[in-house]
Amino acid sequence: MARIRVLVVDDSVVVRKLVTDVLAGDPRIEVVGTAANGKVALSKMAQVNPDLVTLDIEMPVMDGLATLVELRTSYPRLPVVMFSTLTERGTSSTLDALERGANDYVTKPANVGSVTASMEAVRAQLIPKIIALCTPSAPPASRPRTSVGAAAKPVTRATVTRAAPAATASPARVDVLAIGVSTGGPDALTTVLTRLPADLPVPVLVVQHMPPLFTKQFADRLDAKSVLRVSEATRGDAVLPGRVLIAPGDFHLRTRRCAGGVVASLDQGTPENYCRPAVDVLFRSVAETYGQHVLAVVLTGMGTDGARSCRDVVAAGGSVIVQDQATSVVWGMPGAVAGAGLASEILPLPEMVPAILTRLRVGRSQADTRQALEGARP
């Protein structure tokens, strides 16, 4: 199997060497070139023909954002992973890059003086993302053959058989929408949340795999674009119709029912699937709190976070929709759910919101919607 060809772009000699040494230690990856700024990188593209580019944000001559825009013009499908600092400025620039077409990002080690620790941090973050972005996901065995075409073909609307309990003819009314997403998530989540209407009769709870700082800025950006109220969750937040709560970086998000209704709960419990926040934690919690009234949505992302807890959602009588392979940046998380036979629908991203709204109308009249929203207003 051919090795994955990577071009490393960073103005720091130390970081270029560190990343090159880390990647050279993996037999699946070959570093085919390095560049100290975007202008040099663009001049090398045709020569080195990379399968993926790692791109620093802050560089002289041509910075990462300008380079990304040029790359997307000539190489619209080339995977690009940004290198970001865990600062307010670095976070903002990284979110700008994701909006401009970057596939993912990794954070730079806080202390490049500790070479061993820095190499391990880069290895743990970067290599799995390179492999996931450059290795096509295999369709799950349980997916119907009629819905699976060649890798380059769009996947049409399809359904898979649900796991026990069997689907009923009359599904329960949905009272909460829970969304789990990772790699490629900012773009997918923006697509979904900005198309949901202001009169949404249910709350939305989201786990997007992101570190601290990122989740707050991301929530603020979504709030500015959406007609819904979007915020990073805090302890005790009321879970109300028309409100979107995003799990903060490094905290699990759960729900609990109290005398006044349902509220958000945060904790720094053990990471699950190497993640905190974890989709599995959120989905299990909403299944316990809302029972059969849960609609869980799993969007693009690497790994399998959410697959185990979708069993809890389905066992409680709730339903699960996942994004299809053709429109996912990485079909890891949704593919794992589909492969386990837990998804009631596998949909392209553009069809996700119509399907959600169709499901929300089940068992709910316009009067019910108005009443829910009236009760949510302060």
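What you are looking at is a predicted structure, and each value in this text was computed from that prediction instead of being measured.
Note: the hydrophobic cluster containing Met333 does not contain Val281 (ILVMFWY, side chain heavy atoms under 4.5 Å, direct or indirect links). Grouping the Ile, Leu, Val, Met, Phe, Trp and Tyr side chains by contacts below 4.5 angstrom, directly or via other members, places Ile131 with Val81.
We find that Asp280 and Arg308 are joined by a salt bridge, their nearest charged nitrogen and carboxylate oxygen being less than 4.0 Å apart. Between Arg276 and Asp250 there is a salt bridge, since at least one side-chain N of the basic residue sits less than 4.0 Å from a carboxylate O of the acidic one. A salt bridge links Asp96 and Arg221; the closest N-O separation between the charged side-chain nitrogens and carboxylate oxygens is under 4.0 Å.
Within the structure, the ring pair (Phe, Tyr, Trp, His ring centres under 6.0 Å) test picks out the following pairs touching residues 200-232 (sequence neighbours left out): Tyr105-Phe214.
Inter-residue side-chain proximity for Lys39 and Leu42 is flagged as unmet; no heavy-atom pair is nearer than 4.5 Å.
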For residues 8-18, tabulate all N or O donor-acceptor pairs below 3.5 Å that involve a side-chain atom, not counting sequence neighbours.
from, atom 1, to, atom 2, distance (Å)
Asp10, OD1, Ser12, N, 2.9
Asp10, OD2, Lys108, NZ, 3.3
Ser12, OG, Val14, N, 3.3
Ser12, OG, Val15, N, 3.1
Arg16, NH1, Asp10, O, 2.7
Lys17, NZ, Asp21, OD2, 2.6

Check: residues 57-66 side-chain donor-acceptor pairs under 3.5 Å, at least two apart:
from, atom 1, to, atom 2, distance (Å)
Glu58, OE2, Arg89, NE, 3.4
Asp63, OD1, Leu65, N, 3.3
Asp63, OD1, Ala66, N, 2.9

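Atom-to-atom distance recorded for Arg229:CZ and Leu222:CG is 15.0 Å, nearest 0.5 angstrom. Distance check: Leu98 CG to Asp104 CG gives 7.0 Å after rounding to the nearest 0.5 Å.
Minimum heavy-atom separation, Val337 to Val320: CG1-CG1, 3.9 Å. When every heavy atom of Gly306 is checked against every heavy atom of Phe283, the shortest pair comes out as O-CD2, 4.2 Å.
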